[in-house]
Amino acid sequence: MDVSVTVNGTTYARDVEPRKLLIHFLRDDLDLTGSHIGCDTGNCGACSVIVDGVLVKSCMLLAVQADGASIETVEGISENGELTPLQQSFNEHHALQCGYCTPGMLMSATALLRDNASPSDAEIKKALQGNICRCTGYWNIFEAVKAVAK
Amino acid sequence: MLLREVEYAKPGSVAQALELLAANDGARALAGGQTLINVMKARAASPDMLVDLNGLAELRGIELAADGTLTIGAMTTYTELMRSAEAKARPILGEVCATIADVQVRNRGTIGGNVCANDPTNHLPPLMVAVGARMTIAGAAGEREVTAEEFFLGVYMTAVGQGELLTKIAIPAGKKDGFAAVTLGTEGTCICNAAATVNGSVRVALGCVDAVPVLVTADSPDGIAEAVRAAGIEPPSDVHASAEYRLHLAAVLATRAAQEAAAR
Amino acid sequence: MTEDSTTTVAPAPVEVQKGWAGQSVKRREDKRLLQGEGVFVDDIKRHGMGYLHFVRSPYAHAHITRIDVSAAEAVDGVYGTLTGEEVAALTDPFFQISSAPGANIKDYSLALGKVRFVGEPVVAVVAETRELARDASELVEVDYEPLAAVVDARHAQDADAPVLHDDAEGNLMWTGLYSWGDLDAAFAEADRVIEIPELHFHRFNSTPLECDGALVEFNRGVEQWTIHTNNQFPGFAAIMMGPAMKVGLDKLRFVTQDIGGGFGNKITSHPQLVVCCLLARKLNRPIQWTEWRTDFHLSMSHGNERWFRDTKVAVKDDGTLLGFRTKALDDAGAWLRYEPLGGVIWAQVTPGMYRWRHIELDFTQVATNKAPVSPNRGYSRMQHLWFTERVIDIVAKELDLDPVEVRKKNYIRAEDMPYETPNGCVYDSGDYARMLDLALELIDYDAMAGRKAAAKEQGKLLGVGIGSTLDSGTNNFGQSRLINPELQFSGNNEVATVKLDIFGEIVVTLGTTPQGQGHETTAAQVVADILNCALEDVHVRAGHDSYWNSHAGFSGTYASQFAVTGLSAVKGATEMLRDEIFKLAGAVFGGVPAEALELADGGIRIKENPDAFLPFMACGAIINANNAGLPEDLDVTLNCRYVYRPPFEVPDVETKFGNLTLTYAAQLHVAVVEIDPETGYYEIVDYAAVDDCGKRINPQIVEGQVMGATAQAIGAVIHETYEYDEDGNLLTPNFYDYHVPHALDMPPLATGAIESPSPFTPLGTKGMGEGGGAGIHAVCAAIQDATGVVVTDSHNPYRRVWEMLR
Ligand SMILES: Cc1cc2nc3c(=O)[nH]c(=O)nc-3n(C[C@H](O)[C@H](O)[C@H](O)COP(=O)(O)OP(=O)(O)OC[C@H]3O[C@@H](n4cnc5c(N)ncnc54)[C@H](O)[C@@H]3O)c2cc1C
Ligand code: FES
Ligand code: FES
């Protein structure tokens, strides 16, 4: 099926099998390998992206379902190659080790802060609940997000 | 990952969706996909066609009638419900939805999908039974309404037949509700759960203990544990709980949910 | 995680920090990872590559009576398949580390004739797309004749137990008796002998978020494979694969860049890598293999499950520990992929943190119809240390003594360091009592009695527990000879190269395969200090490439050693380079002696005459591109390779005596749990983790490791378990049932650190990162404290706590 999506401002039109998951489409067809795959049950959030303003796990919908949508992925966060305050905060707080969960974490944090610029501690943790990290124990990720919340 | 081949259709109306479903035995409705896509990844089920309900505005939205009845479109997501001012009329709904899975799942998972999936560990089937929800099912022959108790038939089986759709759920007015669960980790998958409503007597629906929610009633929260034990429930054993432990939890959680409901 | 989620108490620096080392320099690998520009194995693509999908066994134990791949191969877009029969024709079985009977088993990279666990790879199918490869694998016909399975290690040696490996004539894989000191005397001296019938350490692993994978290319012209992979110990994979494939190691080029977590679990992917290699050659195209989560759970690197049976502890009434006897029964799963090394690795920490001198441990490892075990963070020591800690708390309970006092009475003391253990290991440094004091202070131990009473009022049970681990790092591979005296391994090594390139670039290559430990950053810190230059001027190559010639037999990232082996290699190579720069500058300046020169501002100058300055760029250019006229005897390449080799002797095989590891980092954790007695549900309400890993090159990175290990411990003790039903089906094959803690599951954490520099390492550092086991015990002990019931299992989900309270 023909699918046209705009990812980080660039429009891509492709012929896609309906069965293809959005994450495979992004990674395999569009070469946007920043979003990752950490599970096969929708638990880990490594594949999180924002579709038409809504944070989703891109392994939990089909690419054809995103037809016409505007998608934001980790590759689109930085402007002109510079780290944003959120990304810098991750660096400063050592909120990543292997970095495999990081793209998904950043998307979840981005969605949170867009929705709620001054989240409480509890709101930050709840916003990150859908993202598994096996390296950091989350404490530093929490601190990194908290530091950029107003 | 890596689903079997499947056809995809995105109907523009409920009528069209019903036609597609009726015309094709292997067609399945795709709501939030937060259960169905997983099942397809495991290749445990492989529908021939997915009929995507996401474009159907008719199935979305929440209305509050003068008598306090809430009517919730099947395709309303948990997030929409949590944010809805109308849905605050029955606060338990938003409260429970806020503890289902995580932000991403709540952003896509739907009320209709949750009850149609009728996974025994899901949060909403027992809640719907406790609050006395009524489900509207549409098919070629028109619409019919069933109570939540009649709706749930078995694991992943409901009163929605082949070629039919759940279109909306009506929930009567009320505030005295409670919900208690023991979950895998904080706000995780339920090991056992109980939803309660106090309206003169106490109604408690238990999840995870049988293929469908189990309804028990008592005159007061104090009597509910006994009622649970007398209900002849034979819960399943699995890696998270033995039958015995589940049965014990059922009594404890039923009491807690009932007490919470009574205290409101 | 609640409000102030972290509190940190850090030691005063041991010495005045002059340079970069000791500072929490921000990690250099972060930028690419934060921008989605890391290169993980599944990100790598090649023209014409084929995707590999494994057909896996649905049975725990069965004969394979027929395999037919024709229907799969007939599918348009399917490139080909590989079966066990082909593997057996093309390769030899993998070399076995074990002595007999384990030595006799024949392990190929695909099942041959028989399957031995659910999820075992049976056939590989390669196709044009991932989806198609999976579709076609459903068309592969395999007929099985199911056999009875053995799932419980305690019954593996029963007379009627099904036998996995006929070649081994039973399920016993390896056994060895370890006995040190004078057990009879200890038990005679004891006031009491405390008996513990059975303790169980459960099966789980660290589930790195990225599963295994590879992209393998075969160059027909030179008959050489390039293996892009996330295997974390290419040195080990190479020595397994080369002989099996009957090729020299130079034919196997390993390349890694970013790895999405390893924790030991990515050491034993060599069977899958062999399959990729054979198919790359057979099909003449690059082969891409990505393991999915369920595949990983079913088949990859479970941690060693261990039973401790018939334990007898010799104690004095005052709590003095004299010694113990126990029988350790270890469940290897279906294959020995790194095993039975677990049968000796525990001996690095034989007495735990305690001064008992009389220890006997009868170790037996058996095969079962479950996924093979392999190293997992804290490998084999974690099990043993959990056991020793359990003994302490059970003894304290039996003697009605305070677990804090029993520990303090028996701890190896700071003044005893370096301390030789009963089996000849040398604990380099440490102060366990001080760590415990610090941890108790962080948790406000004195307030516990009041908190317990307050919890009781609320109908809750509160308990506090202590756990500790020793993170022994830098293995002496000579210990493998205690498993099999025939083995020709000993010592350890790691390599680094540092060079000055034409334009003055300082380029560092490592032999390691980091998975988040920040090697690019810490290595740069060490180099910049020695060359007295800016951090930005140091370029540390990401990842590993065996073409860089910066690896040796033990290269890799595993077993807590980078801060010792990796950084010492970096230090050695950089010092060589520094000396060469001095020599070169001396010659260029016309015979100026080294003492008169100094490194500064990205170059070298004459101390007395700073204007006489030779920037690194000039040094690099002179040697590499402008060298006419240099003195003939100037022996300078500006490309220095250093192999760090820790000082080790081969341990004595007869007495099983000798030093098995170089450094001993220590972890002391205290957990406070609050239990709902009605449901068994509990929460960790407070947590303190104190770490001592000697000198810390980058305290922030060290703290990050402590936090991550703690989170894994919390997951393991409450939720994470690989549990099987009696037919050998894994009941937790994905993240639904194998619950991994998330942000809401984390307790408030207070971290603390002391620094006891290692006297044995060039930088005073100790390997670290594997100390999670401390947390497992801390929670077990807290549950015991809260319930008053002896905890006998390392895994305590709510249901078990409820059962304990009944
Ligand atoms: C990681 C994770 C954790 C989760 N944890 C929980 C949890 O703790 N509690 C919980 O309750 N749920 C949980 N879920 C499941 C989630 O709530 C799903 O959203 C829900 O079960 C199904 O809703 P859906 O809209 O996604 O439906 P889908 O997955 O699209 O559909 C589910 C089934 O219902 C049918 N269906 C859907 N809508 C209709 C309709 N209108 N008419 C007829 N048939 C229909 C579909 O054909 C399909 O068979 C979790 C999911 C994930 C991925
Ligand atoms: S890969 Fe999408 S949630 Fe794990
Ligand atoms: S940093 Fe490795 S999984 Fe989060």
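Letters A, B, ... mirror the listed sequences (proteins, then strands); counts begin at 1. Because only heavy atoms are used, hydrogens play no part in the values below, and waters and symmetry mates are left out as well, while side chains stay in.
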For chain C, the option from [options] that forms the most heavy-atom pairs under 4.5 Å:
{"options": "Asn91(A), Thr136(A), Thr41(A)", "answer": "Asn91(A)"}
{"options": "Gln87(A), His94(A), Gln88(A)", "answer": "His94(A)"}
{"options": "Thr73(A), Leu86(A), Leu83(A)", "answer": "Leu83(A)"}
{"options": "Gly81(A), Ser120(A), Ala127(A), Cys133(A)", "answer": "Gly81(A)"}
{"options": "Gly99(A), Gly34(A), Cys98(A)", "answer": "Cys98(A)"}
{"options": "Cys135(A), Pro103(A), Ala95(A), Gly130(A)", "answer": "Cys135(A)"}

What part of Leu106(A) is in contact with chain C, defined as an atom under 4.5 angstrom from a non-hydrogen atom: side chain, backbone, both or neither?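 Interface part for Leu106(A): side chain.
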
Among [options], which has the most heavy-atom pairs under 4.5 Å with chain A?
{"options": "His739(C), Gln712(C), Lys45(C)", "result": "Lys45(C)"}
{"options": "Gly262(C), Ser24(C), Gly36(C), Cys211(C)", "result": "Gly36(C)"}
{"options": "Gly261(C), Gly518(C), Ser206(C), Gly38(C)", "result": "Ser206(C)"}

Output yes when Asp42(C) and Arg130(C) qualify as a salt bridge under the 4.0 Å nitrogen-oxygen rule, no when they do not.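 The answer is yes: the pair qualifies as a salt bridge.
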
Salt-bridged, Glu82(A) to Lys31(C), with N to O below 4.0 Å? no

Any side-chain donor paired with an acceptor under 3.5 Å for Asp40(A) and Thr294(C)?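 Result is yes, a qualifying pair exists.
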
Tell me yes or no: between the side chains of Glu29(C) and Thr521(C), is some donor less than 3.5 Å from an acceptor? yes

Heavy-atom distance under 4.5 Å between the side chains of Arg27(C) and Asn698(C), does that happen here? no

If you define the side chain from C-beta out and look only at heavy atoms, does anything of Thr207(C) sit under 4.5 Å from Arg293(C)?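 Touching, per the 4.5 Å side-chain cut-off.
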
Stepwise ring-ring contact (aromatic ring centres under 6.0 Å, His included) check, Trp292(C) with His24(A): CA-CA 13 Å; Trp292(C) 307 112; His24(A) 292 312; 5.8 Å; yes

